[in-house]
Each structure stands twice: as C-alpha cells, then as structure tokens.
Amino acid sequence: MKKQPQRMCVSCRVMHPKRSLIRLVQNAEGEICLDPTGRKPGRGAYVCRNRTCLQQAIRQHRFDKNFKARVDEAVVTALTEELEALPPEEPEA
C-alpha cells in the first residue's frame, strides 16, 4: 500500500492527508493564490475543508503569518466560495 502524504492545517494544527486539505500557494513573485491541483511551485499553506478552521485561520491571520505577507481579500473570498461549493464532509468512522 502506498503512503499518502500528510500535511498540517494552519488553523487546527492537525495532520491530515494532503488531498483532504485546501492549499494556498505563494509563488516566487510573492503572489498568493489558490492551488486546486496542489502542484503549483512555491510555498504552500493548507487548511481543512470545514468552515470553523477556515474562519479561525482568517480571523487569526494564520495565512499572513505563514507567508510573511498580507493575503489579499480576493484570495480569501475565493477560498470561502470554494469551500461553500464543496459537498459536505462525511464524518470519519
């Protein structure tokens, strides 16, 4: 069985499989954007696919601290819209 890569949520600080998280990426020019594929080059930050983690990360400026740069409101809005477009998570057994 192949190992799944694990990443830590910037908000709740819990390790999850990489595919179950949403990634933001800061490229070499310093631009911060969503990375739906998880393959864009640059520094990445991951957040859980639930509203409480996202709201906590925004409220506590976790992305700003992780990237050492201000995250644009358009990126935060796009992240929130993507989260609302996702189907609800199924509880883990």
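Taking each heavy atom of G44 and N66 in turn, the nearest pair found is O-ND2, 3.5 Å. Contact record, Q4 with P17: OE1-CB, 3.5 Å, taken as the closest heavy-atom pair. Scanning all heavy atoms of the two residues, the minimum distance from L34 to K40 falls at O-NZ, 3.3 Å. Of all heavy-atom pairs between L24 and F63, the closest is CD1-CE2, 3.6 Å. Taking both residues in full, the closest heavy atoms of R49 and R19 are given as NH2-O, 3.7 Å, listed atom of the first, atom of the second, then distance.
Within the 4.5 Å cutoff, the side chain of H61 has heavy atoms near those of the R70 side chain. Contact annotation: the side chain of Y46 never approaches that of M8 to less than 4.5 Å [non-hydrogen atoms, C-beta and beyond]. Inter-residue side-chain proximity for V25 and R23 is flagged as met; some heavy-atom pair is nearer than 4.5 Å. A 4.5 Å side-chain heavy-atom check between C53 and V47 finds at least one atom pair inside the cut-off.
Annotation: the span from L83 atom CG to Q55 atom CD amounts to 9.0 Å, rounded to 0.5 Å. Interatomic distance, T80 OG1 to E73 CD, rounded to the nearest 0.5 Å: 9.0 Å. The SG atom of C12 sits 11.5 Å away from atom CG of L54, with the distance rounded to the nearest 0.5 Å. Considering CD of Q26 and SG of C33, their distance stands at 10.0 Å, rounded to 0.5 Å. Between atom OG of residue S11 and atom CD of residue Q56 there is a gap of 3.5 Å, rounded to the nearest 0.5 Å. Expressed to the nearest 0.5 Å, how far CG of L21 lies from NE2 of H16 amounts to 6.0 Å.
Note on I22 and I32: same hydrophobic cluster, where clusters join Ile, Leu, Val, Met, Phe, Trp and Tyr whose side-chain heavy atoms are under 4.5 Å apart, directly or indirectly. Under a hydrophobic-cluster definition in which Ile, Leu, Val, Met, Phe, Trp and Tyr are linked whenever side-chain heavy atoms come within less than 4.5 Å, directly or via other members, F67 and L79 are assigned to the same cluster.
Side chain of D35 to main chain of R39: a donor-acceptor pair is present (N/O by atom type, distance under 3.5 Å, no hydrogens or angles). The backbone N or O of G30 sits less than 3.5 Å from a side-chain atom of N27, completing a donor-acceptor pair.
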